[in-house]
Amino acid sequence: MEKPILYYWAPCSTCSVTTRFADEHSIELDKRDVEQEGPYQELLALGGDADLIPYLYADGKLINGNDDIVAYLTAAYL
C-alpha cells in the first residue's frame, strides 16, 4: 500500500491533530508542507484549498479535515 500524502502546514495547530494521530499509531504518511511551492501547487491541482488544510490524498481521493482524515486512517490502518 502506498503511503497516503498529507498536505499540511507545519506550524498549524489544526494540522497537528492529524500528524499526532498518525505518529501515535505508527501510520506512515508522506507529509508535504504547503508552505513550499511544489506541495502547494500539487494540492491546488488536486482541487484542494490551502486555506482549508489538512488534506489527505489516499486511494485516488482527497480527504479534508481532521475528523474525516482520522476516520479514514482508523478504517484503513487500525
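Here the structure is a predicted model, which is why all the values come from computation and not from measurement.
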When rounded to the nearest 0.5 angstrom, what is the spacing between [atom1] in [X] and [atom2] in [Y]?
| X | Y | atom1 | atom2 | result |
| --- | --- | --- | --- | --- |
| Arg32 | Gln36 | CZ | CD | 12.5 Å |
| Tyr8 | Ile53 | OH | CD1 | 10.0 Å |
| Ile69 | Thr18 | CD1 | OG1 | 4.5 Å |
| Arg20 | Cys15 | CZ | SG | 11.5 Å |

I'd like to check [X] versus [Y] (side-chain heavy atoms, cut-off strictly below 4.5 Å). Are they in contact?
| X | Y | value |
| --- | --- | --- |
| Leu56 | Ile5 | no |
| Asp49 | Tyr55 | yes |
| Tyr7 | Leu46 | yes |

So with a 6.0 Å cut-off around CD of Glu28, is the heavy-atom count from everything else above 12?
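Check fails, neighbour count at 12 or below.
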Look at the side chain of [X] and the backbone N and O of [Y], then say whether any donor-acceptor pair between them is shorter than 3.5 Å.
| X | Y | result |
| --- | --- | --- |
| Asn64 | Leu52 | yes |
| Asn66 | Thr14 | yes |
| Asp33 | Glu35 | yes |
| Tyr77 | His25 | no |

Give the cluster check for [X] versus [Y]: same hydrophobic cluster or not, with ILVMFWY residues linked at side-chain heavy-atom distances below 4.5 Å.
| X | Y | value |
| --- | --- | --- |
| Leu29 | Tyr72 | yes |
| Ile27 | Val17 | no |
| Tyr57 | Leu43 | yes |

All salt bridge (charged side-chain N to carboxylate O under 4.0 Å, His left out) counterparts of Asp67, not counting sequence neighbours
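So Asp67 forms no salt bridge (charged side-chain N to carboxylate O under 4.0 Å, His left out) with any residue.
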Working note: Phe21 + Leu73, criterion side-chain contact (heavy atoms from CB on, under 4.5 Å); need CA distance, chi angles, decisive distance, verdict.
CA-CA 9 Å; Phe21 178 85; Leu73 294 175; 3.9 Å; yes
What closest approach, in Å, do Pro4 and Ala58 show between heavy atoms, and which atom pair accounts for it?
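Where Pro4 meets Ala58 most closely, the heavy atoms are CB-CB, 4.0 Å.
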Can a salt bridge be assigned to the pair Lys31 and Asp23 using a cut-off of 4.0 Å between side-chain N and carboxylate O?
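Asp23 and Lys31: salt-bridged.
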Can you list everything that forms a side chain to side chain contact (heavy atoms under 4.5 Å, CB included) with Ala71? Sequence neighbours excluded, please.
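By the side chain to side chain contact (heavy atoms under 4.5 Å, CB included) rule, Ala71 matches no residue at all.
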